[in-house]
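Read the structure below first, then the notes.
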Protein chains: 2
Amino acid sequence: MDSSGTRRQNTRRKLFEAAVTLIAEQGFSSTTVDEIAERAGVAKGTVYYNFASKTVLFEELLRHGIELLTDSLQAAADETAERGGSRVDALDAMIRAGLDFITRYPSLTQLYVAELWRTNRAWQSTLMQVRQKAIAVIEAVLTEAVATGELSTELDIPLTASALFGMVLVAALDWQSFQPERSIDEVHSALSRLLQGRVSGAGR
Amino acid sequence: MDSSGTRRQNTRRKLFEAAVTLIAEQGFSSTTVDEIAERAGVAKGTVYYNFASKTVLFEELLRHGIELLTDSLQAAADETAERGGSRVDALDAMIRAGLDFITRYPSLTQLYVAELWRTNRAWQSTLMQVRQKAIAVIEAVLTEAVATGELSTELDIPLTASALFGMVLVAALDWQSFQPERSIDEVHSALSRLLQGRVSGAGR
DNA sequence: ACTTTTGCACTGACCGGTCAGTCCAAGGTT
DNA sequence: AACCTTGGACTGACCGGTCAGTGCAAAAGT
């Protein structure tokens, strides 16, 4: 029926899913193409029918993954704006969206972290673009917040965006690896408090 | 004279130095023992004379590295206490120490980040201990700060410690990879501001 | 018909680990 | 002084296994 392009699409999806978990666990180099094919329930030849090489499979995986993240962050920011929330509320919503994302795609996140700051790798430039797209969404909200006077003009936007990104990323990964019993709301509120400066005592 | 034990020590040091940069760039699996030996200016056999295996070499490297970090964070906290600074000042000093550390040993940091959240790896448990030691130093300061009333008792200590760690880590790595022209003081003050809640406008 | 998948044998490069042997400085021995 | 001997450190050729990628004929799917 609707199936025409869908068959190929479907095997590609299965290959992505297989690859992402395996590579997150073992790393790119120690994951074999045979393993990926087996986990996806597909013949090895099919992998090469659908992707030019192991590296290309991985690059497309990265690109696909970051699209999911960027869209989700953007959606969180937009919804807040529609509801008439402040830009700081938007940041908070983005923290939540980030946590949701990491919960839904933990392997993708692990894999991304593991590769991002490496140098001399084939997919280096793919990864740079990908990172830039995600950070840009955060920076945009910060910039607006400064423009509306919500945040201080002294704010170092690129650095703060990185730091926020890192804060959410590491807290979420630690949460999942080392204290999975905590609820997402606990994590969210701890981060929210940190963002809004309610860590340091009463106020100020 | 003093040379007998020293010769081996020296070779091991050279091997560590060679391994840390190569593995940070390429990852553990795609770094060959031949490469490590060549960069260290030593024959391949020497690697195996000094270390039982490639994995053991790496594990010892991790252990050695984290000791440097933990000591440095602890020293920062202690010095602040001696000077009679508050516990929040101590956190600030630790941020600085973290940034200094990452500046001095960028490769070690990259490598650590890349491996920390992986599962099913040989050195998993080594890495867990190592992480716990570093986080514990931050948690101790947070606990003291709560005890003295400097920070709210509602503070979620483990989560906040993770988040702080991540904030510094990611901001520093991004700084080095993508905007190396910035000074360490700029980075420090941006993070400091975030920690002390001076991001969100006047006060709220 | 034509696209996609399968199954499987095969290749050639690469890589972790081994091992017989070299080098040399610091004691003996004569 | 001239000569072994010992033992720790190092060497590099070599071996066995692994793995990305190929080729292709037959089957399945649409």
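Computed over heavy atoms, backbone and side chain alike; hydrogens, waters and symmetry mates excluded. Here is the naming used below: chain letters follow the sequence lines, and residue numbers restart at 1 for every chain.
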Summarise protein proximity over nucleotides 10-19 of chain D in one line of letters, 5' to 3': B for base, S for sugar-phosphate only, - for none, counting protein heavy atoms closer than 4.0 Å. BBB------S
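- Under the 3.5 Å distance criterion, with hydrogens and angles disregarded, no donor-acceptor pair is assigned to the side chains of A:Arg104 and A:Ser72.
- A:Thr103 and A:Asp100 share no donor-acceptor pair across their side chains, judged by distance under 3.5 Å alone.
- Side chain to side chain, B:Asp92 and B:Ser192 meet the donor-acceptor criterion of an N or O pair below 3.5 Å.
- Every residue was checked against the side chain to side chain donor-acceptor pair (under 3.5 Å) condition with B:Arg118, not counting sequence neighbours, and none meets it.
- The interatomic distance linking A:Arg12 (CZ) with C:dT3 (C1') rounds to 15 Å, in whole Å.
- Rounding to whole angstrom units, CZ of residue A:Phe51 and P of C:dT5 are separated by 10 Å.
- For the residue pair B:Ser152 and A:Arg193, no side-chain donor N or O sits within less than 3.5 Å of a side-chain acceptor on the partner.
- Rounded to whole Å, atom C1' of D:dG29 lies 17 Å from atom CD of A:Gln9.
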